[in-house]
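In what follows, a structure is listed as structure tokens, so that the remarks can point back to it.
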Amino acid sequence: DQQVKQNSPSLSVQEGRISILNCDYTNSMFDYFLWYKKYPAEGPTFLISISSIKDKNEDGRFTVFLNKSAKHLSLHIVPSQPGDSAVYFCAGMDNKVAGYSTLTFGKGTMLLVSP
Amino acid sequence: NAGVMQNPRHLVRRRGQEARLRCSPMKGHSHVYWYRQLPEEGLKFMVYLQKENIIDESGMPKERFSAEFPKEGPSILRIQQVVRGDSAAYFCASSLRAGKSEQFFGPGTRLTVL
């Protein structure tokens, strides 16, 4: 049962263009979403997050959009740079009744930005 | 301010041996999470610990796997009698708070079972 789905295993974009990474989820209990970026042989690095009460959060070149009714979120990177080439993971945060949270990750999308 | 530290970075074990993975959270963080990433998969939650307590181990296999986070020292993920299917990258994360709080990840330990 895959609660977070990233249906595109890979995406290729030219430098300067927009990169759009998509993510769908099924668990209605998720009320916070995060995007992580991961380089080979390193751990995931937090990129940007969004609360379920918002539909957009922007941080520099990165913007995350949330469509709660469609259970869909997307990460936009504008303009894309070669250094953005990495695997991007979408994660849903499940806040437990006991007061702690766990993350459920998608399988990731490998972004390649070519010069 | 050092980030989350994990060691070893690479660990090779033969079937039936024990694997011990260590994680030192970020300074000031008392919440530790372990995740496992199998090849071509996303990270999957295994266990959540606070100092000296296991809070949620719902993602951890019932047999052969155990975790601890003692009052002093790093968190340890222990895998007894390893099998080839245990080969994966194991990531530790820590957070400042238990609730809606960013989790900071370590570089991972890559376990290979021969």
Side-chain angles (χ1 to χ4, degrees), chain A residues 1-10 21 23-27 29-54 57 59 64 86-110, chain B residues 2-10 21 23-26 29-51 53-60 69 88-110 112:
Chain A
D1 175 29
Q2 215 177 327
Q3 298 183 45
V4 178
K5 294 180 185 178
Q6 294 178 257
N7 290 321
S8 298
S10 62
L21 296 95
C23 177
D24 298 290
Y25 64 96
T26 57
N27 189 340
M29 299 304 293
F30 292 150
D31 65 352
Y32 199 66
F33 300 90
L34 303 89
W35 284 92
Y36 282 83
K37 176 179 177 181
K38 185 181 180 303
Y39 293 115
E42 294 185 12
T45 303
F46 170 73
L47 198 56
I48 192 169
S49 61
I50 188 166
S51 166
S52 60
I53 62 173
K54 299 197 172 184
N57 187 27
D59 183 2
V64 56
V87 178
Y88 289 79
F89 290 98
C90 169
M93 182 173 277
D94 186 0
N95 291 298
K96 309 290 187 182
V97 171
Y100 66 92
S101 304
T102 61
L103 295 176
T104 300
F105 285 85
K107 290 187 176 185
T109 296
M110 180 180 291
Chain B
V4 178
M5 312 271 283
Q6 287 188 252
N7 68 81
R9 293 292 307 274
H10 300 274
L21 289 63
C23 169
S24 296
M26 284 182 70
H29 288 193
S30 59
H31 304 272
V32 166
Y33 314 79
W34 285 92
Y35 293 83
R36 176 166 69 173
Q37 184 183 23
L38 295 169
E40 310 299 324
E41 297 286 326
L43 284 76
K44 291 205 187 313
F45 167 77
M46 297 181 73
V47 61
Y48 161 54
L49 311 100
Q50 293 180 20
K51 278 288 187 183
N53 291 304
I54 297 174
I55 307 301
D56 185 338
E57 54 184 347
S58 60
M60 200 154 68
F69 188 16
Y90 292 82
F91 292 96
C92 168
S94 72
S95 67
L96 188 59
R97 296 181 299 275
K100 282 183 191 174
S101 181
E102 180 191 337
Q103 294 181 16
F104 295 84
F105 283 81
T109 294
R110 271 145 193 87
T112 301

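Note on naming: letters A, B, ... go to the chains in the order of the sequence lines (proteins, then strands), and numbering restarts at 1 for each one.
- Taken to the nearest 0.5 Å, the NZ atom of A:K107 stands 13.0 Å off from the CG atom of B:L43.
- Heavy atoms only, all atoms of each residue included: A:F89 and B:Q37 are closest at CZ-NE2, 3.5 Å.
- Scanning all heavy atoms of the two residues, the minimum distance from A:T102 to B:Y35 falls at C-OH, 4.4 Å.
- No donor-acceptor pair closer than 3.5 Å links the side chain of B:R97 to the backbone N or O of A:Y100.
- Shown here for B:F45 and A:L103, the closest heavy-atom pair between the two residues is CB-O, 4.0 Å.
- Residue contact with chain A, scored on non-hydrogen atoms closer than 4.5 Å, is absent for B:S95.
- For B:R110, the part lying near chain A is the side chain, with the backbone staying farther off; criterion is any non-hydrogen pair under 4.5 Å.
- Heavy atoms closer than 4.5 Å to chain A are found in the backbone of B:E40, but not in its side chain.
- Across all non-hydrogen atoms, the minimal contact from A:E42 to B:F91 is O-CE2, 3.7 Å.
- Options A:D31, A:T45, A:V87 differ in how many heavy-atom pairs under 4.5 Å they form with chain B, and the most are formed by A:D31.
- Other residues, nucleotides and ligands place no more than 12 heavy atoms under 6.0 Å from the NZ atom of A:K5.
- Between B:F105 and A:Y36, the distance separating the two ring centers is shorter than 6.0 angstrom.
- The local environment of NZ in B:K51 is crowded, with over 12 non-hydrogen atoms from other residues, nucleotides or ligands closer than 6.0 Å.
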